[in-house]
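Only one structure is covered here, and it is reproduced in the block below.
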Protein chains: 2
Amino acid sequence: MSRVLNNTCAVAEDKRLRVEKAASALGYVPNPNARSLLMKSTGGMGMLLPHVSGEFFSEFLTGADNVAKDNDFFLLISASHGKASEWRSSVQSVYRRVDGLIVMAPQVTPKRLNLSQDIPTVFVNTPVPERDRSGVDVIGFDNAGGTRQAVEYLLNLGHRRFCYVAGPEGAFDAAERAKGFREALDSAGIRDGVILAGGYNHEDGALAARKILEMDPRPTAVLAANDYCALGLLTELQGAGVDVPGEVSIIGFDNVPSAAFSAPGLTTLGVPIREIGEKAIERLLHRIRRPDDPVRLSVELPVNLVVRDTTAPVLRQQ
Amino acid sequence: MSRVLNNTCAVAEDKRLRVEKAASALGYVPNPNARSLLMKSTGGMGMLLPHVSGEFFSEFLTGADNVAKDNDFFLLISASHGKASEWRSSVQSVYRRVDGLIVMAPQVTPKRLNLSQDIPTVFVNTPVPERDRSGVDVIGFDNAGGTRQAVEYLLNLGHRRFCYVAGPEGAFDAAERAKGFREALDSAGIRDGVILAGGYNHEDGALAARKILEMDPRPTAVLAANDYCALGLLTELQGAGVDVPGEVSIIGFDNVPSAAFSAPGLTTLGVPIREIGEKAIERLLHRIRRPDDPVRLSVELPVNLVVRDTTAPVLRQQ
DNA sequence: CTGAAAGCGCTTACAG
DNA sequence: CTGAAAGCGCTTACAG
């Protein structure tokens, strides 16, 4: 019976038919647990994410799910919420249930990253320390370079008074983006760039906007740690009667779908989120299928400025 | 060894310690497949969704993941993309891997809904035919009533020329929302309400906006099938120089997080998405833990109008 | 309190 | 081409 259902070796035609008929009549589906126990493979991949809210993750998941489904893999998703304690239990809970792991953990400190080496793992947007890279694939994108690019663009538009609304504390990607901001200003010889506490949600941007409204002189260019933050900022500023981009230019980060549909459209740094989801799964698939391929991936994807309508030249500089 | 790790019966203290020490030294984690094979339970729940993109799903997943994690259940997620063919394979692929199923399938035709009755299932926002309801929990929300409410609100503001931008073809929730629109206009004796083809994404709203711009006379009130559609509509209309809400009022559906941060803020129908995710998992948990409880849930959650700034009274009626 | 055995549902050599 | 057996890693009665 196993032989006909799995098409694993020659079976007499009449028996094959009888088995097939019986199977479909009973609605027989092989128990995947029994199968994995024997075959040492589960047909699943685990995704360990800091959380699952917002368009960044839904895009990432969409890309991942598409490729996984095409290859008949299921996705086991676990949000660690960034806490190191939950992190460990998340890893453990998926351990033998999947054939490989996608890990996105921007908030986990490198030394805590003690995964068992015996399961293929691809890290996405995670700070993987050099000594842990040997057995592992790493996909990142150029966080610092992105912000640097945005600052340079604004400098060319004549901006000189900059403000940066930072991402959440402890997230490595947020830190890199802030670093890019500082570096770019430094090279331009600008010493009074302001960095404000922020976060990755609309509310964080709105809060920062209040502070910006009180600043005197006000910055003419504001960069935000991500798009949601930029969008919250934009709305709050507009609500206070500020003209964007007339008085203030704004640039976000990620190029989330909503960014194209704000009014005005948000200028932002484009990260190919969905493609990253696809690539991560494709890579993991390869690792699972060819466990002895010694090659490891370590890429940093470029980030590209997407110019829309929240940015404009500074005409008169006070 | 099994006895000490599972704390299943009394064991001599010295042996217990020796086992525990060895287990942690080796980093031993029991194989969940072997365990489920025997125990007939997996510690997982499956989520069958039409897709995973956008804030509606990310909110739903966030609610679900929170409760699942708190109860040490893992989530197996599968997006069927609405196609009936993929639907069947999705159901089958999770079949024995999880202890219960959350199913959201607004696009699946009722007759196709042939789930095996032997796994606890809670349906969310899915048209479950009466005869299939016996073994199953159903959580819905008042799609038609929501739109009706919105139309009545606009009528009170003096609007008489209405337009509805519909959701995707074949989705029952979209159909219900459109029905609410028609019903409300009928009761008000308004016969010239326009229904435009649309969808659940920004782009669909933007496309519909083009058509609205060509209409003469133009509607003063536009309802959209969901928030993304409304937001796309809003932006496109604004881009064409239309004053919202000065010339046109807009109402969305869902009250997705972004809706509060458009400019102007989107008036919409509030669906407690995250709470629905939590409730669905809680209910499934109950079903899994008490398999012989004969009670079945069948609720329709209310939808509440959230008034923000895309709606205003009609001052002069042509 | 604790060995040894049976069995969960499958697949895969092993003999015919 | 096809039975019958072994074994994947666990848990749980069953005897002591």
Side-chain angles (χ1 to χ4, degrees), chain A residues 1-46 72-74 76 89 91-101 116-120 288-289 291, chain B residues 1-46 72-74 76 89 91-101 116-120 288-289 291:
Chain A
M1 196 216 73
S2 171
R3 294 199 256 248
V4 4
L5 259 33
N6 293 312
N7 210 343
T8 180
C9 58
V11 177
E13 198 51 28
D14 57 325
K15 309 219 174 198
R16 143 166 280 121
L17 283 172
R18 266 182 52 210
V19 171
E20 277 167 351
K21 189 171 288 181
S24 81
L26 297 170
Y28 173 81
V29 179
N31 184 323
N33 289 120
R35 187 178 228 145
S36 337
L37 192 55
L38 204 48
M39 319 252 283
K40 268 113 182 50
S41 89
T42 62
M45 315 199 205
D72 292 315
F73 269 73
F74 67 83
L76 199 155
S89 80
V91 173
Q92 221 172 67
S93 81
V94 299
Y95 184 46
R96 281 271 146 89
R97 286 188 223 274
V98 294
D99 301 334
L101 246 34
S116 39
Q117 291 290 102
D118 54 348
I119 183 168
I288 290 170
R289 289 184 175 156
Chain B
M1 196 216 74
S2 172
R3 294 199 255 249
V4 4
L5 259 32
N6 293 313
N7 211 342
T8 180
C9 59
V11 177
E13 198 51 28
D14 57 325
K15 305 217 175 196
R16 144 165 278 122
L17 283 172
R18 264 181 55 208
V19 171
E20 277 168 351
K21 188 171 288 182
S24 82
L26 296 172
Y28 171 81
V29 179
N31 184 324
N33 289 120
R35 187 179 229 145
S36 338
L37 192 54
L38 206 48
M39 318 253 283
K40 269 107 183 55
S41 90
T42 62
M45 314 199 202
D72 293 314
F73 269 73
F74 66 84
L76 200 155
S89 81
V91 172
Q92 220 173 69
S93 83
V94 300
Y95 184 46
R96 281 272 144 88
R97 286 188 224 273
V98 293
D99 302 334
L101 245 34
S116 38
Q117 291 289 102
D118 56 346
I119 184 168
I288 291 171
R289 290 185 175 153

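In what follows, chains carry the letters A, B, and so on, assigned in the order in which the sequence lines appear, proteins first and then strands, with residues in each chain numbered from 1.
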List, one per line, each side-chain donor-acceptor pair under 3.5 Å for residues 29-40 of chain A, sequence neighbours excluded.
residue, atom, partner, partner atom, Å
N31(A), OD1, N33(A), N, 2.7
N31(A), OD1, A34(A), N, 3.3
R35(A), NH2, N6(A), OD1, 2.4
S36(A), OG, P32(A), O, 2.5

Which residue pairs pass the salt bridge (charged side-chain N to carboxylate O under 4.0 Å, His left out) test when at least one of the two sits in residues 19-31 of chain B, sequence neighbours left out? R16(B)-E20(B)
Spacing of the P atoms in dA13(D) and dG9(D) (rounded, Å): 23 Å
If you measure from CG on L101(B) to CE on M45(B), what distance do you get to the nearest 0.5 Å? 11.0 Å
Under the rule for side chain to side chain contact (heavy atoms under 4.5 Å, CB included), what residues qualify as partners of A22(A), not counting sequence neighbours? none
What pairs with [X] under side chain to side chain donor-acceptor pair (under 3.5 Å), at least two apart in sequence or on another chain?
{"X": "R96(B)", "answer": "none"}
{"X": "S41(B)", "answer": "none"}
{"X": "D99(B)", "answer": "T42(B)"}
{"X": "R3(A)", "answer": "none"}

Which residues within residues 10-18 of chain B lie with some heavy atom under 4.0 Å of an atom in DNA chain C? A10(B), V11(B), A12(B), K15(B)
Stem list, DNA chain D (Watson-Crick or G-U pairing under 3.5 Å, at least 3 consecutive pairs): C:1-3 with D:14-16, C:5-12 with D:5-12, C:14-16 with D:1-3
Every protein N/O lying under 3.5 Å from an N/O of nucleotides 13-15 of chain C:
residue, atom, partner, partner atom, Å
dA13(C), N6, R3(A), NH1, 3.0

All N/O contacts under 3.5 Å from nucleotides 7-10 of chain D to the protein, with atom names and distances to one decimal?
residue, atom, partner, partner atom, Å
dC8(D), O3', K40(A), NZ, 3.0
dG9(D), OP1, K40(A), NZ, 3.1
dG9(D), N2, A34(B), O, 3.3
dC10(D), OP1, Y28(B), OH, 2.9
dC10(D), OP1, N31(B), N, 2.7
dC10(D), OP2, Y28(B), OH, 3.4

Minimal non-hydrogen separation, G100(B) against I288(B), with atom names: N-CD1, 4.0 Å
Which heavy atom of F74(A) sits nearest to which heavy atom of R97(A), and what is that distance? CZ-O, 3.8 Å
More than 12 foreign heavy atoms under 6.0 Å from CZ of R18(B): is that the case here? no
